[in-house]
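Shown next, in structure tokens, is the structure this report addresses.
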Amino acid sequence: MQQPKKQKQIQTEKPRTVGKQYSFFEDVYDVVRQIPIGRVTSFGAIANFLGTKLSARMVGWAMNGAHNVNPPVPAQRVVNRNGMLSGKAHFSTPTKMEELLAKEKVQVKNDRVVDFEKLFWDPAKELEI
DNA sequence: GCATTGACGAAGG
DNA sequence: CCCTTCGCCAATG
């Protein structure tokens, strides 16, 4: 039998319960997947919801593997606190993010979400798990 | 093991 | 509005 070493590595493909602990990334993905269509949220909001608001970077870091998780994570709905499409460069194409948002009736102007405040979706308030 | 980087946030200029 | 500095934590070199 093969005994997989307990490597502390990002299971971006399958963050299965390696023992029990769910990856921090999974929490992020789970929240992002619950973002309603046509709405957006920020890294800080997710981080704050997870209790790591001081580590908003980790949220973005988690999103780094969002392209390999299943089901896919609508990362296009996650922008920075300024409503800017900070992650557009990480998509298949630099314009993919805008296109995806455009399909959800989210207008993007100059790499920034229009009416970001209106479309903002705070999991800590709306979701409230 | 230390230094740098990073899809961020807040504060200051 | 733009840019810079600091903080925060994990991954990478």
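Proteins come first, then strands; the chains are lettered A, B, ... in the order of their sequence lines, and each starts at number 1. Remember, predicted model here, so these are calculated numbers, not experimental data.
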Taking NZ, NE, NH1 and NH2 as the nitrogens, is one of them in A:Glu104 or A:Arg77 under 4.0 Å from a carboxylate oxygen of the other?
yes
Per [X] side chain, nearest of listed nucleotides [options]:
X	options	answer
A:Ala56	B:dG9, B:dA7, C:dA11	B:dG9
A:Arg57	B:dA10, C:dG7, B:dA7	C:dG7
A:Arg112	B:dA7, B:dG6, C:dC2	C:dC2
A:Met58	C:dC9, B:dA7, B:dG9	C:dC9
A:Asn80	C:dA11, B:dA7, B:dG9	B:dG9
A:Leu54	C:dC8, B:dA7, B:dG9	C:dC8

In whole angstrom, what separates [X]'s [atom1] from [N]'s [atom2]?
X	N	atom1	atom2	answer
A:Met84	C:dC1	CE	P	12 Å
A:Lys88	B:dA7	NZ	P	13 Å
A:Arg81	B:dA10	CZ	P	6 Å
A:Phe25	B:dG6	CZ	C1'	12 Å
A:Asp27	C:dC9	CG	P	17 Å
A:Phe43	C:dC8	CZ	C1'	15 Å
A:Asp111	B:dA7	CG	C1'	13 Å
A:Met63	C:dC9	CE	C1'	17 Å

Please tell me whether A:Met84 and A:Phe116 are part of a single hydrophobic cluster in this structure, the criterion being side-chain heavy atoms less than 4.5 Å apart.
no
Between A:Val28 and A:Trp121, is there a shared hydrophobic cluster once you connect ILVMFWY residues whose side-chain heavy atoms come closer than 4.5 Å?
yes
Counting just side-chain N and O atoms, does A:Ser55 come under 4.0 Å of either OP1 or OP2 of B:dC8?
no
Categorize A:Ala75 for me: base, sugar-phosphate, or nothing, with a 4.0 angstrom heavy-atom threshold over every strand shown.
base
Would you mind reporting whether A:Val40 and A:Ile35 have side-chain heavy atoms less than 4.5 Å apart?
no
For the residue pair A:Leu100 and A:Phe91, what are the closest heavy atoms and their distance?
CD1-CE2, 3.8 Å
